[in-house]
Number of protein chains: 2
Amino acid sequence: MALYKAILTRNLPKVLTNQSRLLSLVPGEPEGPSVKTSSVPGPKSQQLIKELEKIQQAGSVSLFADYDKSIGNYMVDVDDNVFLDVFSQIASIPVGYNHPGVLKLLSDPHNVRTIANRPALGVMPGADWPEKLKSVLLSVAPPGHNQVTTMMCGSCSNENAYKMMFMNYMKKKRGGDDFSKAEMDSCMINMPPGAPKLSILSFRGAFHGRTLGVLSTTHSKAIHKLDVPAFDWPIAHFPQYKYPLEEFKRENQQEDEKCLAEVEELIEKYSTIAPVAGITIEPIQSEGGDNEASPEFFQKLQKIAKKHGCGYLIDEVQTGCGSTGKMWCHEHFNLESPPDIVTFSKKMQLGGFFHSSDFMVKGAYRIFNTWLGDPGKIVILQGVVEAIKRDNLLKQVEETGKVLRSGLSSLEKKYPQHINSLRGRGTFLAFNAPTPAQRDKIVGNMKQEGVIIAGCGDLAVRLRPALVFQPHHAEIFLGKLEKVLSQF
Amino acid sequence: MALYKAILTRNLPKVLTNQSRLLSLVPGEPEGPSVKTSSVPGPKSQQLIKELEKIQQAGSVSLFADYDKSIGNYMVDVDDNVFLDVFSQIASIPVGYNHPGVLKLLSDPHNVRTIANRPALGVMPGADWPEKLKSVLLSVAPPGHNQVTTMMCGSCSNENAYKMMFMNYMKKKRGGDDFSKAEMDSCMINMPPGAPKLSILSFRGAFHGRTLGVLSTTHSKAIHKLDVPAFDWPIAHFPQYKYPLEEFKRENQQEDEKCLAEVEELIEKYSTIAPVAGITIEPIQSEGGDNEASPEFFQKLQKIAKKHGCGYLIDEVQTGCGSTGKMWCHEHFNLESPPDIVTFSKKMQLGGFFHSSDFMVKGAYRIFNTWLGDPGKIVILQGVVEAIKRDNLLKQVEETGKVLRSGLSSLEKKYPQHINSLRGRGTFLAFNAPTPAQRDKIVGNMKQEGVIIAGCGDLAVRLRPALVFQPHHAEIFLGKLEKVLSQF
């Protein structure tokens with residue numbers, strides 16, 4: 001710990017610098033962040049933002065990066081500012097920038113041709129596709145899941161997972177896959193019985209994507225939804241816990257029960273309007289504010305889904321791929337059986353979903369599109385999965401998570417007027433500020449200190465480091481956060 | 001022509017082979033297709049299909065390809081069958097397999113790092129992103145369009161284009177972008193006024209994608225839609241022409257008028273149910289059977305859209321990127337002003353849409369997602385655009401299209417009992433068989449002859465060669481088709 005703290009000081013003795021470099025899982029990382037411009041974005045980023053604004057909506061762009069110079073947990077921007085990246089491109093960079101294992105795979109001639117020749121995977125996949133699915137994707141599948149369908153991104157993964165739940169629901173109702181002429185004809189003009197009135201139950205605060213189907217189950221921020229028509233589907237309350245959890249056990253348990261009762265009420269209410277074919281839920285509501293629910297909540301929700309014949313989809317787009325200390329966050333929940341579908345994207349490089357073989361939809365072309373994912377992204381994911389296994393990154397996440405959690409817990413005690421409600425798993429952690437303005441100030445001041453973090457929900461600061469974020473990076477982060485909080 | 005015909009024969013004199021090789025825009029192409037296995041898929045493909053079936057729905061897989069061996073217009077499968085590819089992975093391979101220009105770009109170290117480090121483009125794009133958007137994507141933008149937003153695939157391009165039309169419609173209705181508290185609150189639970197009852201008008205036979213929003217505007221095949229809930233949005237008839245066009249001018253004009261009248265009726269009918277915020281249409285309905293409509297139809301439809309304040313979206317996912325002889329098919333229509341939005345994907349390597357600056361949605365994060373496309377795909381597209389410009393591929397498409405059209409026209413006259421209704425533009429051509437079974441037989445027998453083509457709609461055979469498909473390839477295709485038809 002003394003070593004990591006020492007790294008925070010400006011003038012590092014050479015020996016420490018070298019030790020710090022030796023410590024890093026991605027070789028070549030700088031010794032710490034450094035911001036050279038008086039404000040971020042610096043002048044070069046500002047100039048590029050102006051250029052971009054001429055050709056597209058650029059209001060969300062915070063800076064321009066130099067991805068040739070970025071390395072490991074450090075992102076370098078075009079003004080040569082060096083940031084410790086604790087957000088990793090909205091939780092989508094698994095093993096840091098320019099990971100040597102990934103770069104090596106991308107220089108392999110066969111892999112280059114895989115990237116150059118993206119096929120229609122559902123029609124003419126490449127010779128190594130089944131093997132790659134097995135050795136890369138299925139090697140990290142959630143327990144109990146031996147099937148995988150690949151997609152392009154998180155939204156279309158959830159869209160297609162919903163379709164799979166609708167199809168399975170109707171198959172059970174119909175007693176098979178033989179469609180009637182009435183179904184065949186009516187679906188073509190969007191009418192029942194072929195296009196049935198069915199629904200997906202979601203939760204307030206949820207985020208499942210931005211295309212129209214999944215957007216009807218997204219309820220995290222108004223700006224995502226304004227002016228866009230939506231399906232009238234049931235929306236239940238997600239538990240809102242009081243922190244620290246150990247002090248509010250009874251209250252939080254009651255909160256679970258209240259929300260679960262509402263789920264059952266809604267399923268019954270919608271049975272005559274648009275029966276609930278599936279329930280979609282994040283293991284930790286991410287965009288909505290890093291809201292967590294207890295393993296018991298997820299266990300009981302699964303029982304309700306089974307009781308009413310609804311599919312049970314766990315959306316692991318943001319929580320998946322290791323950052324909670326397990327490959328999949330729902331592995332923390334001890335469910336009595338695997339969820340019907342688990343969707344992924346982001347750190348997994350491409351979208352898709354795992355499911356058990358009994359949830360497979362019979363019949364070709366029902367879950368289908370031109371690309372069905374991208375074998376070029378499996379090349380990168382192969383490097384990610386190899387690094388996870390070789391460097392024992394899930395263990396690493398657990399260890400770094402402990403350092404982060406203990407450090408944040410101390411800061412929470414020292415600055416209760418500034419931060420509270422520390423929560424999460426592994427390095428997938430969050431805490432609240434008392435107001436949205438103060439939250440934004442923490443995020444903004446941290447950036448000026450050379451640390452990228454981000455908000456979610458109204459009050460939360462979320463940490464989303466890569467899996468190669470180590471204790472010495474955590475110490476740098478904690479030191480900077482303490483500096484920022486102490487200056488408030 | 002004699003040269004090309006000679007290539008069809010099995011034992012080519014060496015000089016011809018060399019000439020044929022010299023003729024090809026992609027060096028190293030074989031002299032012609034060759035099928036070695038008694039049936040396709042061959043034994044190795046069959047074995048791999050069995051393997052794939054264990055882990056995902058593989059009912060649509062027709063064979064496994066060897067993309068290391070495939071080159072230009074020739075796809076080699078795992079059984080060493082060599083196919084002339086006139087379908088190019090559902091119209092998504094623009095300059096053939098392993099194009100040297102693309103492979104060269106993929107070996108550039110900066111480009112490798114671009115692929116390795118996919119950022120959240122809406123937050124921290126790479127330094128060269130504005131320049132790449134300009135020099136690659138906007139350099140081939142439809143006339144009048146100076147804005148581009150990138151996405152991942154065709155479905156999410158259309159989904160987001162629809163959102164853009166909804167937002168623009170509501171902005172006009174509201175007189176600005178200042179949302180009321182009622183809108184902010186109600187949208188969070190999928191209710192008006194924040195999530196307004198609005199619709200997108202589409203056409204029977206259309207295909208705009210498979211996620212739930214765009215699926216409500218897709219009406220090409222029941223299998224795409226069965227069991228999936230849909231929005232109740234208006235659906236008009238798309239013109240069904242009689243062929244040859246020059247013989248049925250009056251009838252086809254009347255067909256246009258009938259369909260346009262229905263569009264106006266539907267817009268008025270839905271004005272009280274779910275006002276039409278936008279019209280979505282393909283320049284040639286592709287999945288639905290290569291149904292074309294006249295330039296006058298598209299001109300008048302645009303006038304109707306303007307009159308009623310609806311957005312006008314031309315979906316060029318399949319027709320775009322050159323295969324009609326122009327970069328964008330709607331350039332053939334002489335519209336009085338650019339369409340509001342043009343969506344793309346497939347041959348463009350990534351999804352997205354072009355639009356004019358007055359259609360830009362104000363406010364960040366409204367049209368947004370984690371990746372917003374993929375700069376790694378722009379690397380490939382750069383090679384494609386360079387080839388299009390350097391090799392004058394639009395002119396090439398026009399020339400090859402003439403050879404194809406004239407050859408098909410002769411075959412249509414020779415075998416009127418087997419094929420009819422030749423239509424299309426450039427090399428984006430189609431003809432009908434008298435029955436679905438006969439259509440499937442043509443496609444199947446051609447595959448056994450070493451030529452990959454595909455069906456669409458109930459009766460159509462569609463051609464979707466790459467832009468490097470040249471007259472000598474066309475002659476091979478025509479020779480094989482004649483052989484197949486003559487054996488019926």
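Here is the naming used below: chain letters follow the sequence lines, and residue numbers restart at 1 for every chain.
Using a 4.5 Å cut-off between heavy atoms, B:M167 contacts chain A through both its backbone and its side chain. Of the atoms belonging to A:I452, it is side-chain heavy atoms, and not backbone ones, that fall under 4.5 Å from chain B. Contacts of A:S220 with chain B are made by backbone atoms alone, with heavy-atom separations under 4.5 Å and no side-chain atom involved. Using a 4.5 Å cut-off between heavy atoms, B:F368 touches chain A through backbone and side chain atoms alike. Heavy atoms closer than 4.5 Å to chain A are found in both the backbone and the side chain of B:T370. At a 4.5 Å heavy-atom cutoff, A:E287 makes no contact with chain B through either its backbone or its side chain. For B:D68, the parts lying near chain A are the backbone and the side chain together; criterion is any non-hydrogen pair under 4.5 Å. Contacts between A:Y169 and chain B at a heavy-atom distance below 4.5 Å are absent for every atom of the residue. Neither the backbone nor the side chain of B:S107 comes within contact range of chain A; no heavy atoms are under 4.5 Å apart. The part of B:F179 that comes within reach of chain A is its side chain, from C-beta onward, which places non-hydrogen atoms under 4.5 angstrom from that chain. The contact between A:K346 and chain B is made by backbone and side chain atoms together, counting heavy-atom distances below 4.5 Å. In this structure, chain B has a heavy atom under 4.5 Å from the backbone of A:K221, while its side chain stays farther away. In this structure, no portion of B:Q47 lies under 4.5 Å from any heavy atom of chain A. Using a 4.5 Å cut-off between heavy atoms, A:L350 touches chain B through its backbone atoms (N, CA, C, O) alone. In this structure, chain A has a heavy atom under 4.5 Å from the side chain of B:M75, while its backbone stays farther away.
Nearest heavy atoms, B:C153 versus A:M152: CB-CG, 4.1 Å. Of all non-hydrogen atoms in B:G126 and A:F64, the two that sit nearest each other are O-CD2, 3.3 Å. In plain terms, the two heavy atoms of A:N190 and B:S216 that are nearest each other are ND2-O, 2.8 Å. The two atoms that bring B:Q57 and A:V361 nearest to each other are NE2-O, 2.8 Å, heavy atoms only. Minimum heavy-atom separation, B:I235 to A:I189: CD1-CA, 3.6 Å. Of all non-hydrogen atoms in B:N117 and A:Y67, the two that sit nearest each other are ND2-O, 3.6 Å.
Put simply, the side chain of B:V123 reaches to within 4.5 Å of the side chain of A:I90, judged on heavy atoms. Here the side chains of B:F231 and A:L212 are in contact, with some heavy-atom distance below 4.5 Å. At least one side-chain heavy atom of A:I55 sits under 4.5 Å from a side-chain heavy atom of B:L138.
With respect to chain A, the highest number of heavy-atom pairs below 4.5 Å among B:M188, B:K134, B:M170, B:M165 belongs to B:M188. Heavy-atom pairs under 4.5 Å with chain B peak, among A:G122, A:G213, A:A116, at A:G122. Note on A:P196, A:P193, A:S88: by heavy-atom pairs under 4.5 Å with chain B, the leading option is A:P196. Of the residues considered (B:L133, B:I93, B:D66, B:V78), B:L133 shows the highest number of contacts with chain A, using heavy-atom pairs under 4.5 Å. With respect to chain B, the highest number of heavy-atom pairs below 4.5 Å among A:M184, A:R204, A:K362 belongs to A:M184. By number of non-hydrogen pairs under 4.5 angstrom with chain A, the leading residue of B:E159, B:Q56, B:R210, B:K225 is B:R210. No other option in A:I115, A:N160, A:L105, A:V379 has as many heavy-atom pairs under 4.5 Å with chain B as A:I115. The most heavy-atom pairs under 4.5 Å with chain A, out of B:E51, B:K163, B:K171, come from B:K163. Among A:A127, A:S70, A:G59, A:G383, the residue with the largest count of heavy-atom pairs under 4.5 Å with chain B is A:A127. Per-residue heavy-atom pair counts under 4.5 Å with chain A were compared for B:L226, B:L48, B:I223, and the maximum is reached by B:L226. Most heavy-atom pairs under 4.5 Å with chain A: of the set B:L52, B:I380, B:V228, this distinction falls to B:V228. The residue among A:H219, A:M124, A:H224 with the most heavy atom pairs within less than 4.5 Å of chain B is A:M124.
Of the inter-residue distances, the one linking B:S60 atom OG with A:I367 atom CD1 reads 11.5 Å to the nearest 0.5 angstrom. Between the CE atom of B:M151 and the SG atom of A:C156 there is a distance of 12.0 Å, given to the nearest 0.5 Å. Distance check: B:L198 CG to A:D227 CG gives 8.0 Å after rounding to the nearest 0.5 Å. For the atom pair OG1 of B:T211 and CG of A:N369, the computed distance is 9.0 Å after rounding to the nearest 0.5 Å.
Looking at A:Q147, its side chain does come within 3.5 Å of a backbone N or O of B:K54 through a donor-acceptor pair.
For B:H145, there are no ring pair (Phe, Tyr, Trp, His ring centres under 6.0 Å) partners at least two apart in sequence or on another chain.
Counting only residues at least two apart or on different chains, the salt bridge (Lys or Arg N to Asp or Glu O under 4.0 Å) pairs with a member in residues 110-130 of chain A are A:R118-A:D374.
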